[in-house]
Structures are given as structure tokens and as C-alpha cells.
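Notes to accompany the following structure.
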Amino acid sequence: MSWHVDAVTAHRYASRRIDPMTAASVESHVMMCSGCRALVGDAVDGPVLDAVWTALTAQLDQPGVGHVERALVRVGCTEATGRIIAATSRARWSYLLAVAFSLLLAVIAARTSYEAYFGAFLIIAPLGPLMAVAVVGRWSDPLYEVTQTAPTSWLRILLVRTGAAVTPALVLTALSIPWLLERGWLAAAWLLPALALALGALALSSWMSIEAAAMSIGGSWAAVLVGLHLPVVELLDLFAGPLQVVALTVVVGSVVVTVLRRSSYEYREA
Amino acid sequence: MEPIVVTRGLTKRYGRSTALAGVDLQLERGITALLGPNGAGKTTFLRILATALAPTTGSLRVFGSDPADPGGRLTIRRQLGYVPQELGLFDNFTAFDFVDYVAILKEHVDRRARHDEVRRVLDEVDLSDVRSKKIRQLSGGMRRRVGLAQALLGDPALVVLDEPTVGLDPEQRLRFRQVISRQADQRCVVLSTHMTEDVEAMCDRVVVLDHGAVAFDGTPATLAGLAHDRVWVADRPEPSALVSWRTGEGRHRMVGEPPSDAELLAPTVQDGYLLLNGGVPEGASA
């Protein structure tokens with residue numbers, strides 16, 4: 001190439017007093033010509049170059065925001081909340097598993113006229129959200145111990161992740177209720193017990209790990225209901241009335257315990 | 001100088017077993033190493049120091065604050081950097097994203113200031129060049145330094161490191177040592193280790209724990225000094241030696257009661273530590 005950047009052009013380029021065509025020629029030429037690259041480099045103001053470089057680096061360092069985090073911020077979550085939910089990808093899979101599990105049971109129950117299936121559905125469905133709660137702690141968070149000693153409240157993190165785990169399961173399954181309408185409101189009779197189990201596990205986790213709490217609550221739920229050996233009709237009656245009252249009591253009790261023992265989530269005995 | 005950490009009669013029991021049995025310590029600025037066999041209570045002590053675990057009895061004050069008090073705990077956590085023994089990293093994050101996530105947990109709210117701080121700590125641990133790489137692509141030593149970088153966020157006055165050099169090759173350990181020793185002038189660094197060479201190379205003070213109690217507290221030179229006139233080399237192993245091993249030159253290096261005509265050697269921290277432990281090397285059964 002016969003053309004090279006002269007000193008005047010280099011200074012005009014550096015001070016941005018150059019037409020766009022010539023600027024483009026200079027930029028493509030210095031890619032290949034080390035002499036002209038040095039000439040233009042010397043002409044460019046150091047502080048300006050540093051500022052441009054800093055801005056460019058900052059732009060490149062922007063964390064790669066994933067779909068989940070972007071969606072959460074779009075629906076009103078703060079950046080911190082979005083990141084806390086999105087960071088635990090293992091838990092995210094468990095949320096989806098919980099949703100799929102609940103929906104599958106709902107569909108099976110809706111498609112059968114056999115009452116026993118429906119009874120089994122009512123017992124098993126609340127375990128879906130509980131399963132999601134079981135994995136919001138140490139299991140899904142490789143950074144568990146650092147997270148626990150950070151200034152951000154561990155209870156807040158637990159509640160944010162639990163909400164993120166339970167909400168999709170509850171909402172999507174509630175959306176499946178139209179397919180269950182022939183069962184009347186009994187089709188939704190598992191929702192309050194599901195909430196009770198999830199909140200009960202959270203409350204219990206002020207004494208033990210969330211995994212142990214969820215297993216204890218879920219195991220007790222299954223053991224009691226299966227152990228009662230109730231005929232299906234009586235089981236459905238139980239869900240239609242007394243169990244809803246018990247579940248409501250557990251929900252209220254769990255909220256009270258969680259508030260009263262909030263300090264125990266932040267500073268563990270074991 | 002006001003101590004950064006003060007413990008009085010610190011105990012921790014898990015059911016019937018006692019992990020810590022009344023530890024009294026004062027820690028100041030500089031690097032303090034905790035040495036001790038497995039199960040001596042090092043990790044329990046560090047977890048208590050990092051406010052990850054409450055003691056059963058006894059008192060702990062960090063920066064004069066009590067971690068049992070919510071306000072005091074927050075004060076401590078805002079000035080604390082912690083790398084647990086098994087630090088999990090989000091492998092699909094870049095080094096920058098990971099440290100940025102911890103910065104969010106550490107209440108660095110303003111995005112621009114937070115990103116500047118993330119760049120600063122990654123630079124401090126010599127990881128600026130790989131900050132955009134996924135963590136799964138980093139070597140073991142680099143992953144350790146990512147862990148250290150998150151602990152340095154916010155320029156904490158207390159840094160707690162649980163076995164930071166375990167599993168690293170010699171070059172990585174050397175690099176890690178350099179990074180840690182750069183921190184010593186400005187803050188209190190407490191680390192646990194099984195590597196007596198690390199203690200010798202960078203620590204101002206060493207505390208040996210045994211069965212949950214302090215068995216030694218002093219400088220590395222003083223610990224080495226415990227084996228003064230009790231380390232020797234000979235062509236054959238002596239029955240009076242507490243511990244002996246064959247060296248690369250085919251001779252036998254021994255720690256214990258030397259014979260009168262023994263060829264004495266300058267003791268190391270490891271010799272002092274072995275003598276303190278009754279000559280039972282780490283991991284060996286008595």
C-alpha cells in the first residue's frame with residue numbers, strides 16, 4: 001500500500017477533527033501498518049484513551065444476564081433478588097420438576113373416574129412444592145456457607161428462593177383446574193395443604209437444615225394420611241373440611257414461628 | 001494495639017463430642033495459622049470466627065462486637081471475608097460474574113461501584129486476565145484465587161481461610177502464598193493448614209490445636225525451637241527417635257532424643273510440630 005498516515009492526519013484523527021471517510025481509512029490502515037499505528041498512538045491523548053479503555057472494559061465486564069434473571073427484573077424484581085433466584089440453577093431445575101410433577105398428577109387425576117386415584121393425587125400433590133422447598137438450601141447453593149456469613153439476611157434469601165420455587169408450582173397447577181372442574185372445588189383442595197407443608201418446612205428449618213425439615217414434614221404428612229387407612233370417600237371428606245382447617249392453622253402457626261425465630265436462621269447452632 | 005478477635009473459654013459440643021474445649025485467644029493484624037491434626041477443632045474454630053456457627057459456651061468478640069447480637073453480627077459480617085474448606089463455585093459463571101454475585105450478597109448495591117470493586121479484587125489476586133473466563137475453564141489454583149477474591153470484597157479487616165492451599169501444586173501454592181501475604185499488613189488473616197511449609201513461609205503466629213484446646217501459641221520460630229537439639233541425621237534409624245524418615249541422600253532424619261554423638265540439624269516448624277504431637281505425623285495412627 002502506498003498510502004500512509006502523516007503527522008497532520010494523525011493529529012486530526014486523534015483530536016476528532018477528521019471526516020468519517022478518512023477516519024475509516026486511518027483505522028483500517030493502522031490494523032496492518034505498525035509504523036502508522038505507533039504514530040497515531042502517540043498522537044492520541046493518554047487520559048482520553050484511558051477513559052475509553054475503562055468504559056470499554058466496564059462494558060465487556062457486564063455480567064451475562066440470563067433469561068431467568070432478565071424476566072424476573074422485567075416483572076419488577078430488583079437486580080439482587082433476580083440474581084439470588086437465578087444463581088442456583090440446580091434449584092431452578094427442581095422448580096420445573098416440581099411443576100411438572102404437580103401438573104402430571106393433576107392431569108392423571110382428571111382423566112380417571114376411579115376415586116382412589118383422585119385420593120392419591122390429593123395426598124401426593126402437596127409434596128411437589130415441598131420438594132422444591134427442600135432444595136433451596138445447601139444442596140442447591142454451592143456457596144451456602146459464604147452466603148450464610150454475608151450481611152444479606154439468610155432468611156430473606158430462603159424466602160426469595162422458596163417463593164420462586166413454590167409460586168410456579170402453585171400457579172401452573174392452579175391453571176390446570178379447568179380440566180379438573182368436574183371434581184368441583186375439591187380439585188383445589190390440595191393447595192392450602194401444599195402451602196402449609198412448604199411454610200411448615202421453612203419454620204422447622206429454624207432448628208435444622210431445610211432439607212431435613214422438608215423430609216420430616218413430607219414424611220409425617222405421608223405417614224399420617226396413608227397410616228389412617230381411610231376409605232377414599234372419608235379421605236375426600238377429610239380434605240373437604242377438617243384438613244383445610246388444620247392446614248390454615250399450620251400456615252398461621254408457621255408464619256408466627258418463622259417471625260419469632262428469625263434470628264435462628266442467621267446464626268446456626270449446628 | 002486493640003485485638004481484632006478475642007475469645008474466652010470458647011467451647012463447641014456436637015452431642016457428646018467436644019470439638020472445642022475452652023479456647024482463649026486474642027488475634028491481631030497479621031497472618032495467624034492454625035495447625036493441628038484432623039478433628040483438632042480448626043474448622044469449627046474458623047466457622048465460629050466467621051459467624052457461620054454459634055459456640056456452645058464462652059464468648060467471642062470480633063471488632064468488639066458480639067455475633068450473638070444481631071447488630072453486632074451485622075457489624076462483623078460487613079468486615080469479614082471468608083473462604084470455607086469446601087468452597088463451591090458456580091461453574092457456569094465467569095470469574096467476574098461469580099465475584100459480582102457475592103458482592104451483591106455483601107450489599108454492594110451501586111452497580112458501577114460494585115463492578116469497580118470486583119475488578120479491584122480480581123486484580124489483587126492476579127486474575128484480571130481471565131475474569132471473563134467461565135470458572136469451569138480455570139485451573140485449581142485460579143479457582144482458589146477466585147474464592148480468595150470474593151473474600152477480599154469490601155477490603156475486610158478480618159479474613160478467615162480454611163485450608164486455602166490444600167490440593168494445589170507447588171507453583172500454585174507459591175502464587176497463593178504471595179497473594180495472601182500481601183494482605184497481612186492491612187488486616188487480620190486467620191488460616192488453617194496442614195502445610196508446615198506455608199506456616200514457616202508466611203505466618204507471623206501459629207496456634208496449634210489439639211483435641212479442641214490450644215496446645216501451642218507463638219511464632220513459627222518458637223514452634224521450630226521446641227525441636228532445638230532434637231533433630232539429627234544418621235546412617236541408620238535410631239530406636240530413640242519419635243519419628244524418622246529416609247532422606248533422598250539415603251540417610252535417616254530423626255526427631256526425638258538424640259544420642260550424644262548425633263549430627264544435629266537446624267529444626268523446622270514441622271519438627272517442632274511433630275514433637276508437640278508426640279511424633280505422630282498427620283494422618284498416621286498412634
Side-chain angles (χ1 to χ4, degrees), chain A residues 53-66 68-69 73 77-93 137-157 160-161 206-207 209 261-270, chain B residues 12 14-15 47 49-56 67-70 73-94 96-109 111-112 114-116 118-119 122 128 131-132 147 150-151 153-154 160 162:
Chain A
W53 182 249
T54 303
L56 185 67
T57 311
Q59 195 65 35
L60 290 172
D61 281 340
Q62 289 288 337
V65 179
V68 175
E69 189 179 338
V73 170
C77 288
T78 62
E79 184 189 19
T81 305
R83 193 76 61 86
I84 286 167
I85 295 171
T88 48
S89 56
R90 253 198 286 186
R92 221 183 301 148
W93 281 108
R138 191 187 289 258
W139 184 83
S140 66
D141 190 351
L143 206 56
Y144 171 78
E145 206 151 290
V146 169
T147 308
Q148 223 190 11
T149 58
T152 301
S153 158
W154 174 245
L155 179 59
R156 184 192 157 219
I157 292 172
V160 163
R161 287 182 181 162
S206 65
W207 282 279
S209 72
R261 289 186 52 79
R262 59 190 178 280
S263 184
S264 314
Y265 294 89
E266 314 296 342
Y267 197 41
R268 312 293 299 194
E269 296 288 334
Chain B
K12 183 69 192 177
Y14 299 102
R47 291 187 70 212
L49 212 58
T51 74
L53 190 66
T56 309
D69 166 60
R73 194 163 57 235
L74 199 58
T75 303
I76 297 167
R77 288 180 176 177
R78 283 182 173 147
Q79 298 179 73
L80 170 77
Y82 177 42
V83 182
Q85 195 169 12
E86 286 174 22
L87 176 71
L89 304 170
F90 297 115
D91 281 354
N92 55 332
F93 277 32
T94 64
F96 187 94
D97 289 355
F98 174 79
V99 180
D100 188 53
Y101 170 66
V102 180
I104 286 175
L105 297 176
K106 289 191 172 181
E107 299 179 324
H108 293 255
V109 180
R111 186 187 291 188
R112 178 164 286 198
R114 189 176 75 231
H115 287 180
D116 287 345
V118 171
R119 272 189 288 274
L122 285 171
S128 289
R131 64 177 183 260
S132 303
Q150 64 78 22
L153 283 165
V160 177
D162 198 352

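Just so we're on the same page: letters track the sequence lines, and every chain starts at 1. Values reported hereafter were calculated over all heavy atoms of this structure, with side chains retained and with hydrogens, waters and symmetry mates removed.
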Problem - B:Leu105 and A:Ile157, any side-chain heavy atoms less than 4.5 Å apart - result: yes

Handout entry: B:Val118 versus chain A, the contacting section by heavy-atom distance below 4.5 Å
Key = neither

Practice task
Check whether B:Ile76 gets within reach of chain A through its side chain, its backbone, both or neither, counting any heavy atom under 4.5 Å.
Solution key: neither

Handout entry: chain A contact via B:Leu80 - side chain, backbone, both or neither, heavy atoms under 4.5 Å
Key = side chain

Problem - CZ on A:Arg268 to CZ on B:Arg47, rounded to 0.5 Å - result: 10.5 Å

Practice task
For the pair A:Glu266 and B:Arg73, find out whether any cationic side-chain nitrogen is under 4.0 Å from an anionic carboxylate oxygen.
Solution key: no

Practice task
Grab the two heavy atoms, one from B:Phe98 and one from A:Leu143, that are nearest each other, plus how far apart they are.
Solution key: CZ-CD1, 3.5 Å

Exercise for the section: Might you point out which heavy atoms bring B:Tyr82 and A:Thr149 nearest each other, and give the distance in Å? Expected result: CD2-OG1, 3.6 Å

Practice task
State, to 0.1 Å, how close B:Arg77 and A:Ala150 come at their nearest heavy-atom pair, and which atoms those are.
Solution key: CD-O, 3.7 Å

Completion exercise
Of all heavy-atom pairs linking A:Tyr267 and B:Pro55, the shortest is OH-CD, 3.5 Å

Problem - Student check: side-chain heavy atoms of B:Asp100 and A:Arg83 closer than 4.5 Å - result: yes

Problem - Minimum side-chain heavy-atom gap B:Gln85-A:Glu145 below 4.5 Å - result: no

Exercise for the section: With rounding to the nearest 0.5 Å, note down the distance linking OG1 in A:Thr152 to CD1 in B:Ile104. Expected result: 9.0 Å

